[in-house]
Amino acid sequence: MKTSFDCGIALAAILCANMAGNAAQAAENEGGKPSNDWSFMLGGGGMYAPDYEGSNDYKLLPIPIVEVSWRDRARLTTKGGPGILVTPFATDAVKVDLGLRYDMGRKESSNNALKGLGNLDGGAVGVVRLGYEMGPVGLGLEVARDLGGDRDGLVATAEAEYSIRLFGDRTRLNVSPHLTWADDHYMSNSFGITAAQSARSVRRFARYDAGAGFKDVGVAVGVGYAMTDSIQAMSRLGYSRMLGDAADSPLVKQEGSTDQFSAFVGLSYRW
């Protein structure tokens, strides 16, 4: 989950949709349904989130939830942006995903603070994910590298998740902290201001160099409810704090906010 997504919105969409998928899988397992080679999920919802990464202006965005999965080994999905993921290795505790997704970029027309800075064109992003589960606790690391588009950088996100089931196991509560690091290219293209951009900027931003470092830290709290074995309702509240050179960027410090909030509600059907 289109309006152009920034990285923060994309991450929030991943968390929301993963929560829905986990709740759906739990319901199927508990219901004793026979597993099929193919599974499908279709749904949608709305997210209230910043209109660019670091903004203090918010928009209500439609979030589609579409997934086609084959034996839990290959997935065509809209989670975090349209893409495809394959799972070459998985055990009861460890899982490795490889994939490609599409980053939607950033449009200068989406906020007056961006006018004069030019667009960040979208492009393909290569993704490697490593996950480890220990009962109710899950640990994960995602490394995403731009293969096209204007961000042209690498982002690594470390996540943890604690999940508990409530009310007859149909309700699942998740608490998910995360920490994100980005390289020079991503930080410079997303938060830096070049001399040319400074001259064109409607806000007359000073030239600013943004280097590699931790970009943000945050936490999300989500609730998924299995209304039936197939229909899932979900909601999520998220908060992240911009860090380092991202927090000091004129786009954040002057025109935006280091405090980033998001809220999501949605519904999905799985078969």
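In summary, R129 and E142 engage in a salt bridge, as defined by a charged side-chain N under 4.0 Å from a carboxylate O. Looking at K215 and E53, a side-chain N of the basic residue comes within less than 4.0 Å of a carboxylate O on the acidic one, giving a salt bridge. Residues R151 and D121 are not paired through a salt bridge, judged by the lack of any N-O separation under 4.0 Å between the basic side chain and the carboxylate. A salt bridge does not link R241 with D216: every distance from a Lys NZ or Arg NE/NH1/NH2 to an Asp or Glu carboxylate oxygen is 4.0 Å or more. R101 has no carboxylate O lying under 4.0 Å from a charged side-chain N of D103, or vice versa, which leaves the two without a salt bridge.
Around the CD atom of Q197, the shell of radius 6.0 Å holds more than 12 heavy atoms that belong to other residues, nucleotides or ligands.
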(request) Would you check, one step at a time, whether the test salt bridge (charged side-chain N to carboxylate O under 4.0 Å, His left out) holds for D150 with R106? (result) CA-CA 9 Å; D150 290 336; R106 186 182 74 188; over 6 Å; no

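Considering only heavy atoms from C-beta on, Y58 stays 4.5 Å or farther from D51 through its side chain. W38 has its side chain out of reach of R71: every pair of non-hydrogen atoms, C-beta onward, lies at least 4.5 Å apart. Residues M41 and K79 form a side-chain contact, since some pair of their non-hydrogen atoms from C-beta on lies under 4.5 Å apart. Residues D248 and F191 are not in side-chain contact: their nearest non-hydrogen atoms beyond the backbone lie 4.5 Å or more apart. With contacts defined as side-chain heavy-atom distances shorter than 4.5 Å, the pair D37/W70 qualifies. By the 4.5 Å heavy-atom criterion applied to side chains, D72 and T87 are not counted as neighbours. Contact annotation: the side chain of D152 approaches that of N189 to within less than 4.5 Å [non-hydrogen atoms, C-beta and beyond]. Annotation: side chain of L154 is in contact with side chain of V143 (closest heavy-atom distance under 4.5 Å).
Of the possible donor and acceptor atoms, none in the side chain of T171 sits under 3.5 Å from a partner among the backbone N and O of Y225. The main-chain N or O of A247 is never found under 3.5 Å from a side-chain atom of T258 such that the two would form a donor-acceptor pair. Panel note: side chain Q260, backbone G54; a donor-acceptor pair is recorded below 3.5 Å.
Hydrophobic clustering (ILVMFWY, side-chain heavy atoms < 4.5 Å, transitive): V155 and F214 are in distinct clusters. Cluster annotation: L139 is connected to Y162 through the hydrophobic network of ILVMFWY side chains, with a link wherever side-chain heavy atoms come within less than 4.5 Å. Residues L141 and Y186 fall into different hydrophobic clusters, defined by Ile, Leu, Val, Met, Phe, Trp and Tyr side chains chained together at heavy-atom separations under 4.5 Å. Transitive grouping of hydrophobic side chains (ILVMFWY, heavy atoms separated by less than 4.5 Å) keeps L98 and L85 in distinct clusters. Under the 4.5 Å side-chain heavy-atom criterion for Ile, Leu, Val, Met, Phe, Trp and Tyr, V217 and V175 are members of distinct hydrophobic clusters.
The CG atom of L120 lies 10.0 Å from the CG atom of D146; values are rounded to the nearest 0.5 Å. We find the CG-CZ distance between L117 and F205 to be 6.5 Å, quoted to the nearest 0.5 Å. In this structure, OG in S249 is found 8.5 Å from CE in M242, a value given to the nearest 0.5 Å. The line from OG of S262 to CZ of R236 is 4.0 Å long, rounded to the nearest 0.5 Å. Here the NZ-OH distance, from K59 to Y48, works out to 11.5 Å after rounding to the nearest 0.5 Å. Distance check, rounded to the nearest 0.5 Å: OG1 of T194 to OH of Y208 gives 14.0 Å.
By the side chain to side chain contact (heavy atoms under 4.5 Å, CB included) test, D184 pairs with A212, sequence neighbours left out. Applying the side-chain hydrogen bond (donor to acceptor under 3.5 Å, both in side chains) test to R203 and every residue at least two apart in sequence or in another chain returns E255. Under the side-chain hydrogen bond (donor to acceptor under 3.5 Å, both in side chains) criterion, R145 pairs with no residue, sequence neighbours left out. With sequence neighbours excluded, the residues that form a side chain to side chain contact (heavy atoms under 4.5 Å, CB included) with S198 are I193. Qualifying side chain to side chain contact (heavy atoms under 4.5 Å, CB included) partners for V94, counting only residues two or more places apart in sequence or in other chains: F89, T91, L130, Y132. By the side chain to side chain contact (heavy atoms under 4.5 Å, CB included) test, N56 pairs with S257, sequence neighbours left out.
The aromatic rings of Y239 and F261 lie tilted to each other, with the angle between the two planes from 30° to 60°.
Contact record, D245 with G211: OD2-N, 2.7 Å, taken as the closest heavy-atom pair. The nearest pair of heavy atoms linking S55 to N111 is OG-ND2, 3.6 Å. Pairing each heavy atom of D97 with each of R75, the nearest pair is OD1-NH2, 3.2 Å.
Only one option out of I65, V265, V223 pairs with M234 in a side-chain contact (heavy atoms from CB on, under 4.5 Å); it is I65.
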